[in-house]
Amino acid sequence: MCYASVAIDAFGKGDLQALAQPLRWAIAYRSLGFRFGAMNPPKGNDVVQLHEFVTSLKAIGPALLGEWDEAAGNAALLLAYAEAEQQRNAFPGSGRHKRWGKGTHDAFVIALLAQAFDLGTTYTPENPLIEAYQGLLMNWRTTDLAIFQQAMAPAVAFHLARGRYSTDKVEYEFDEPFDRVFPAELLLVQALRQRDGLPAFASGHALVDAPWAAISQLPDADQPPPLLAQTLARLQADYPQFR
């Protein structure tokens, strides 16, 4: 997406004014795509509309900008979609081994959103949540800086290790450059802490601290591009259930 590329370039140059518009617009487009794909969770052998790894990162973008109404709606949609996907994976021939449930950042985001927005969920990943995210899930609300940074460190290390282009043999969690530069699942922790009035702790690593410093003081931007507004209006007209 062009806005994502422009945002990466502006962030690399440290230009907050130039970053504001493309970052906000990139997040808006990603969120719109998520909401459209998630409005009809698949059943049985239906063709899957949303795939693991990138879906949860698109869903949580609005939270990073403090857009909490949209963030809450996306959280509920993500949990419902994950639950439906879990059920369909039990259907013969669904190819469960290729679907959600690796126990990495998808599972972490779902569990974190359930806590943060007080949402019940029946979703459990096929594989247990990996230790790197389990520690962060347990300690994201801590008021102890040392504990917070100790919990963040393994999650940061995992993100760095898995931030690369996928190959024919290996699918990496953070394949898209936008998700490598803006580690949404870790920035979500900082956004939620800010929302809840918790101490503004640094993570101790530039992967999180640099983009969060930019996002937390991001200037306002112009209204979304006309195409985004037109797309939203068309979707709402064609699909009354779409929000």
Side-chain angles (χ1 to χ4, degrees), residues 1-31 53-54 56-68 71 74 104-106 108-109 112-113 116 130 132-133 135-137 139-165 172-222:
M1 181 187 294
C2 65
Y3 295 124
S5 297
V6 174
I8 291 171
D9 182 65
F11 175 70
K13 294 176 180 176
D15 189 339
L16 287 184
Q17 198 63 50
L19 174 64
Q21 186 178 85
L23 181 60
R24 292 180 186 278
W25 289 5
I27 286 174
Y29 270 111
R30 284 160 61 97
S31 177
F53 297 156
V54 71
S56 63
L57 300 177
K58 290 180 177 179
I60 60 181
L64 310 188
L65 302 178
E67 297 171 354
W68 294 113
N74 282 8
T104 62
H105 73 276
D106 284 333
F108 169 71
V109 165
L112 179 59
L113 292 176
I130 63 172
Y133 286 124
L136 185 54
L137 182 64
N139 293 292
W140 72 272
R141 285 189 172 119
T142 184
T143 55
D144 185 308
L145 175 61
I147 291 175
F148 180 71
Q149 292 187 340
Q150 288 168 7
M152 267 286 194
V156 168
F158 178 82
H159 191 107
L160 288 170
R162 303 293 294 182
R164 59 190 69 189
Y165 289 115
Y172 290 101
E173 279 81 354
F174 309 108
D175 176 88
E176 295 191 8
F178 186 83
D179 296 321
R180 292 180 231 158
V181 175
F182 301 101
E185 85 283 11
L186 304 179
L187 296 172
L188 175 62
V189 170
Q190 297 291 45
L192 289 169
R193 287 179 62 86
Q194 183 180 75
R195 182 200 68 171
D196 294 347
L198 293 167
F201 290 155
S203 74
H205 197 288
L207 176 71
V208 178
D209 296 339
W212 179 242
I215 290 172
S216 61
Q217 55 181 323
L218 200 65
D220 291 334
D222 294 337

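Quick note: numbers below take in every heavy atom, side chains included, and nothing from hydrogens, waters or symmetry partners. Source: prediction; values computed, not measured.
The closest donor-acceptor contact from the side chain of Arg193 to the backbone of Pro199 lies under 3.5 Å. At least one donor-acceptor pair under 3.5 Å links the side chain of Asp209 to the backbone N or O of Ser203. Arg141 places no side-chain N or O within 3.5 Å of a backbone atom of Asp196 that could act as its donor or acceptor partner. Under the 3.5 Å distance criterion, the side-chain polar atoms of Gln190 are left unmatched by any main-chain donor or acceptor of Leu186. Listed for the Ser31 side chain is no donor-acceptor partner under 3.5 Å among the backbone atoms of Ile27.
At a threshold of 4.5 Å between non-hydrogen side-chain atoms, the residues Ile8 and Arg180 do not count as touching. Phe182 is not listed as a side-chain neighbour of Glu176, based on a closest heavy-atom distance of 4.5 Å or more. At least one side-chain heavy atom of Leu160 sits under 4.5 Å from a side-chain heavy atom of His205. A heavy-atom distance below 4.5 Å is not found between the side chains of Ser5 and Phe178.
With rounding to the nearest 0.5 angstrom, the CG atom of Asp179 is 11.5 Å from the CD atom of Glu173. A distance of 7.5 Å separates CD1 of Ile215 from CG of Leu19, quoted to the nearest 0.5 Å. Note that CD of Gln21 is 7.0 Å distant from OH of Tyr3, once rounded to the nearest 0.5 Å. Note that CG of Leu113 is 9.0 Å distant from CZ of Phe108, once rounded to the nearest 0.5 Å. Rounded to the nearest 0.5 angstrom, Thr142 OG1 and Phe201 CZ are separated by 6.5 Å. Atom CZ of Phe11 is separated from atom CG of Leu23 by 9.5 Å, given to the nearest 0.5 angstrom.
Here the shortest heavy-atom pairing between Val189 and Trp140 reads CG1-CB, 4.0 Å. The shortest non-hydrogen separation linking Ala191 to Trp212 is CA-CH2, 3.5 Å. Closest approach of Arg24 to Pro219, counting heavy atoms only: NH2-O, 3.1 Å. The two atoms that bring Leu16 and Leu218 nearest to each other are O-CD1, 4.2 Å, heavy atoms only. Closest heavy-atom contact between Ala132 and Pro154: CB-O, 3.6 Å. Listed here is the closest heavy atom pair of Arg195 and Ala116: NH2-O, 2.9 Å.
Of the residues listed (Tyr172, Phe174, Phe158), the one engaging His105 in a ring-ring contact (aromatic ring centres under 6.0 Å, His included) is Phe174, and it is the only one.
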Distance-only donor-acceptor hits, side chain of residues 146-153, under 3.5 Å, sequence neighbours excluded:
unit_1, atom_1, unit_2, atom_2, d
Gln149, NE2, Ala202, O, 3.1

